[in-house]
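Input: a single structure, listed below in structure tokens.
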Amino acid sequence: MRRLAFYLAGAALASGALLHAAPARKTGDTGGALTLTLDPASQTLRTLSPRAEPGFDFVPSGRAATRSGDGFNQIGDLHLRVRGTDGAWRDFSSAQHRVPVRALAATGNVIARADITATMGEGFPLTVERTWLRDKGAPVLRFTLSNRGTTPVEIGALGMPMVFDNIITDRSLEQAHAQASFVDPYIGNDAGYLQVTRLNGKGPALLVLPDGRTPLEQYRILDDARRKSASPVFTDRTQRQQTFEGFYDWMVASSAMADKGQPWNPATGFTLAPGEQRTFGVRLVAAPSIRGIEATLQAERRPVAVGIPGYVVPNDSPADLFVRAAQAVRDVKVTPADALTLTKVAGPPGWNRWRVTGTGWGRARVAITYADGSVQSVHYYVTKPLAQVAADLGRFSTTRQWFDDAADPFHRAPSILTYDREANKIVSQDQRVWIAGMSDEGGGGAWVAATMKQLDNPDAGEVAKLERMVDETVLPKLQSSDGGVKKSLFYYDPKTFGSYYDKGIDWSTWASWDKKQADDLGRSYNYPHVAIGHWVLYRLARHHAGLVTRHDWRFYLDHAYRTTVAMMRDAPHYAQFGQMEGEIFLEILLDLKREGLTAQANEVEGLMKARADHWRTLAYPFGSEMAWDSTGQPEVYAWMRYFNHPKEAAVTREVILGYDPTIPHWGYNGNARRYWDFLYGGKVKRIERQIHHYGSALNAVPLFDAYRRDPADLHLLRVAYGGFMGGITNIDREGFASAAFHSEPDMMRWDAYTGDYGMGYFGHAYAAATYLVKDATFGWLGFGGTVREDGAAVEIAPHDGARTRLFVAPAGQWITLAAGTIAKARWVPATRRIELTLDPATATTPAAQVSVEAPAGGAPYTIDKGKPEAGFTTIALSPAATTVTLTPR
């Protein structure tokens, strides 16, 4: 079908023009950042392009041939659930059975206008007028619902389909990064919006803003129409799969959806009396870049909320909430009331500022009511202090998840296995055999989390169990004698173990591997998990006294090295891609160098350079076993930096920002996109946007590094800290760690399996650090610590859960401790001096081992005491605190 083009700043078209499939043409081009094209028959959106890049389209116009006709939603369609005096809910949709809309006169700023009542469906009790207009250079989509009947009509659900081109199907990675976009919602009620960002991270970005009073109350998936559904109306015929997350409804009202989960915002509806009408809609605005989104919101006079360090608040580490709005704040309310305390404090000019203190646990909503009655929701999650969260995780995983059945036919004992929180028992068998088999992400996650907990928060009893697991299960059973890693210890063999398997499980699928498949060494993604186990024990043996007793540090570093080499030898196909937790290989290389193991270091470096050289030949070297993924980017970034390829590292950084947003919502802030891994590691198996799957914390790692290299770019730190902190919301009050949170309104709860969570905890523990920052707008800030200005100095007390890493942004100094912990630090601007206070000695940590780097350039500071040793400065600790002074060279 040919299309009629409408340009935002052009003259209005005559109403009759919409009835003809005229060739696309300009109609008067006088400005505007976006151009759009409407379908001439339905007046729904056909194209939406930045004027500066007309070849790019935010909507899936390239699939118009396969996405046309009944059941395919477009922007400009409408979904409703309504009832009259008979009390029965009925569903209506403009897309379900399309009929021509009745074009109306379009004058002034109106681009197109139509009565779309006829296409809503038979028996629709209201009339709907839809208008496309331009306002200050931006397109606006507006609906007016009118009750022209004689009885009231209640609207219990109202959704506007948001159809953007997030489809990866049949696209190469190069095509996907060039053509596709991802959508992230700020489910902020009247202050809500959508941000549509390109996969390559480049600008412009698109903002979908409320027009008038159009709250984003709920963001609801349009389910696959081929599946059974309570209502065929709230669906779309485009197939949802790993290559397509799905489209969503912007829900203005949702009270009639009968959801079981606790909603982000109170579910509402409204009633139209006879003769009454209501208008709502959205405004489409271009932001010049992802980093320019908040400035664009301000320019549009939308409320802007900035949480520092984010929206996850440990009880011992208050946060700050900065809000800039065109209206005065009338009221602030917290739900539940005992979750948070907000205290108004002085803020920068033009900003409201509250100190946010966690007083409860779990989800919390802050509702800010403005002078006009509009309400902005800011969503928080309250946790225990991070050190306690780590302790809970370590205790739960090494007790409740500890598997020590010597009679196990699959020889998994002793080990730490996946746990089912609903059944409160270990998952000893699952149709997806890896979940019960100690490998893959879904099975290795449990023990990887337990292991990484020891890196900065070691417990002697827990370490002893991990030593047993490595000695008695990992080395002789999960690994081959020369370092290869099996896909699973558990497998399906009914001839040999027929009485073992649960007859209620369907064992006929591809996921029920037999022994040959389970023994396969060819999946490279399994190798980082095992390398982590060896490396953490190496670090504990090398830098602490008496924690590791079975072998010396050389044993564990050697096995980490062997595992790294074995990945390249036994799993070369998937090793061509970046691996989740792949930074572990860089750490192993650096430690081999520190220890003077030159031959092994050279071998590892050569193997990794071959991978990096291959990645440099690709525009977007982020492939995996999936068509599109968000797991390989961190390792690709790490090696691009290591081998001094800043251009490729920058491309990787921006791609991460394309799928990893900063939004005033604990669930979406720093939430690196993932929507399919419930199929492979969750108890509830379905395609669904996952909140804080392991990608959140893993993708924080390269963003932290990028920030340390460019401390002026606070956006990087905010996104990174969102993912870093989001990665611990999965851990409940007893220490169980869920694979991810189910975001769909019918659930809205954590999955019951631990699944692949451990990969996320790797990112959290590996990146745990405190950042002291001075921002031009917000002043002195602490990410991971509390800040106190003390005359000529600024003091920060770390609360990041590890207290072994500190970045002092004004000095550009990155301080890391392989042993010892930081009690506090003082920055003295006048002398550019850093005073570091270290905690007293313990039985296992008699000395601190400190390293200082200057990632942004310049020389690292000099430490006033201690002696160099294997890449660190060793400082003897005493029964009292030890103060170390760092000064510029």
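Within the 4.5 Å cutoff, the side chain of Tyr219 has no heavy atoms near those of the Ser743 side chain. Using a 4.5 Å cut-off on side-chain heavy atoms (C-beta onward), His79 and Asp91 make no contact. Put simply, the side chain of Thr271 does not reach to within 4.5 Å of the side chain of Ile155, judged on heavy atoms. Counting heavy atoms from C-beta on, the side chains of Ser377 and Ile187 never come closer than 4.5 Å. Inter-residue side-chain proximity for Leu297 and Leu209 is flagged as met; some heavy-atom pair is nearer than 4.5 Å. Contact annotation: the side chain of Arg674 approaches that of Thr631 to within less than 4.5 Å [non-hydrogen atoms, C-beta and beyond]. For the pair Asp224/Gln239, a side-chain contact is recorded, criterion being any heavy-atom separation below 4.5 Å from C-beta on. Using a 4.5 Å heavy-atom threshold, the side chains of Ser374 and Gln327 count as touching.
For Ser68, there are no side chain to side chain donor-acceptor pair (under 3.5 Å) partners two or more places apart in sequence or in a different chain. With sequence neighbours excluded, the residues satisfying ring-ring contact (aromatic ring centres under 6.0 Å, His included) with Phe280 are Phe143. Judged as a ring-ring contact (aromatic ring centres under 6.0 Å, His included), and not counting sequence neighbours, the contacts of Phe182 are Trp628. Evaluation of the side chain to side chain donor-acceptor pair (under 3.5 Å) rule for Ser289 yields no partner, not counting sequence neighbours. Residues passing the ring-ring contact (aromatic ring centres under 6.0 Å, His included) test with Phe72, sequence neighbours excluded: none. In this structure, the ring-ring contact (aromatic ring centres under 6.0 Å, His included) partners of His665, at least two apart in sequence or on a different chain, are Trp264, His379, Tyr668.
For Arg213, the CZ atom is densely surrounded, since the number of other residues' heavy atoms within 6.0 Å is greater than 12.
Listed for the Asn671 side chain is a donor-acceptor partner under 3.5 Å among the backbone atoms of Gln690. Checked by atom type and distance alone, the side chain of Gln175 pairs as donor or acceptor with a backbone atom of Ser172 at under 3.5 Å. A donor-acceptor pair under 3.5 Å is absent between the side-chain atoms of Thr119 and the main chain of Ile116, judged by distance alone. In terms of modelled atom types and a separation under 3.5 Å, the side chain of Asp746 and the main chain of Asp259 share no donor-acceptor contact. Although no hydrogens or angles enter the test, the distance criterion places no donor-acceptor pair under 3.5 Å between the side chain of Arg81 and the main chain of Trp89. Thr127 places no side-chain N or O within donor-acceptor distance of the main-chain N or O of Thr117, the cut-off being under 3.5 Å. Formation of a donor-acceptor pair under 3.5 Å by the Tyr675 side chain with backbone atoms of Gln242 is found in this model. For Ser94 (side chain) and Leu78 (main-chain N/O), a donor-acceptor pair under 3.5 Å exists by modelled atom type. For the pair Thr296 (side chain) and Gly292 (backbone), a donor-acceptor distance under 3.5 Å is present. Within the 3.5 Å criterion, the main-chain N or O of Ser61 finds no donor-acceptor partner in the side chain of Thr47.
One finds a salt bridge joining Glu300 and Arg283 here, because a Lys/Arg side-chain nitrogen approaches an Asp/Glu carboxylate oxygen to under 4.0 Å. Ion pairing between a basic and an acidic side chain is recognised when a charged N comes within 4.0 Å of a carboxylate O; Glu688 and Arg240 show no such pairing. Salt-bridge check for Glu654 with Lys202: failed, with every basic side-chain N at 4.0 Å or more from each acidic carboxylate O. Classification of Arg237 and Asp70 as a salt-bridged pair fails, no side-chain N sitting under 4.0 Å from a carboxylate O. Arg673 has a carboxylate O that lies under 4.0 Å from a charged side-chain N of Glu245, or vice versa, which qualifies the two as a salt bridge. Between Asp751 and Arg686, no side-chain nitrogen of the basic residue sits less than 4.0 Å from a carboxylate oxygen of the acidic one, so the salt-bridge criterion is not met. Looking at Arg142 and Asp135, no side-chain N of the basic residue comes within less than 4.0 Å of a carboxylate O on the acidic one, giving no salt bridge. A salt bridge is defined here as a Lys NZ or Arg NE, NH1 or NH2 lying under 4.0 Å from an Asp or Glu carboxylate O, and Asp77 with Arg98 meets this definition.
With Thr131 as the fixed residue, the side-chain contact (heavy atoms from CB on, under 4.5 Å) test singles out one of Val110, Leu104, Leu141, Asn109: Val110.
Geometrically, Arg220 does not engage Phe234 in a cation-pi contact defined by less than 6.0 Å to the ring centre and at most 45° from the axis.
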Subject >> Step-by-step side chain to side chain contact (heavy atoms under 4.5 Å, CB included) determination, Arg46 to Leu38 >> reply: CA-CA 5 Å; Arg46 196 56 96 70; Leu38 301 181; 5.9 Å; no

**OP:** In sequence, state the C-alpha distance, the side-chain angles, and the governing distance for Tyr248 and Leu194, and then conclude on side chain to side chain contact (heavy atoms under 4.5 Å, CB included).
**Re:** CA-CA 11 Å; Tyr248 289 78; Leu194 305 180; over 6 Å; no

**OP:** Apply the test side chain to side chain contact (heavy atoms under 4.5 Å, CB included) to residues Glu129 and Asp115: give CA-CA distance (whole Å), side-chain angles for both, the deciding distance (0.1 Å), then the verdict.
**Re:** CA-CA 4 Å; Glu129 181 179 309; Asp115 184 328; 5.7 Å; no

Original post:
Hey, mind stepping through Leu158 and Leu145 against side chain to side chain contact (heavy atoms under 4.5 Å, CB included) and telling me if it holds?
Top reply: CA-CA 11 Å; Leu158 190 156; Leu145 292 181; 3.6 Å; yes

**OP:** Decide yes or no on side chain to side chain donor-acceptor pair (under 3.5 Å) for Ser624 and Asp629, but give the supporting numbers first.
**Re:** CA-CA 6 Å; Ser624 82; Asp629 213 336; 2.7 Å; yes

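The minimum heavy-atom distance between Met162 and Trp250, with the atom names listed, is CG-CB, 4.0 Å. Among all heavy-atom pairs drawn from Ile111 and Ala106, the shortest one is O-CB, 4.2 Å. What you find for Gly149 and Pro274 is that their closest heavy atoms are O-CB, 3.3 Å. Closest non-hydrogen pair, Leu657 versus Ile290, comes out as O-CD1, 3.6 Å. For the residue pair Leu216 and Gly192, the shortest heavy atom distance occurs at CB-CA, 4.1 Å.
Thr268 and Glu217 form a side-chain donor-acceptor contact under 3.5 Å, judged by distance and modelled atom types alone. Side-chain contact of Asp165 with Ser181: a donor-acceptor pair under 3.5 Å is absent, judged by distance alone. Judged by distance alone, the side chains of Tyr659 and Asn699 do bring a donor and an acceptor atom under 3.5 Å apart. Between the side chains of Asp39 and Thr44, no donor-acceptor pair is found at a separation under 3.5 Å.
Taking OH from Tyr680 and NZ from Lys685, the interatomic distance works out to 11.5 Å, rounded to the nearest 0.5 Å. Atom-to-atom distance recorded for Ser146:OG and Glu276:CD is 9.5 Å, nearest 0.5 angstrom. Rounded to the nearest 0.5 angstrom, Gln218 CD and Glu744 CD are separated by 8.0 Å. Here the CG-CZ distance, from Leu206 to Arg198, works out to 11.5 Å after rounding to the nearest 0.5 Å.
Ring-centre distance between Tyr193 and Tyr186: below the 6.0 Å cut-off. Ring-centre distance between Phe247 and Phe244: below the 6.0 Å cut-off.
Using a 30° and 60° split on the angle between ring planes, Phe58 and Phe56 fall in the perpendicular class, above 60°.
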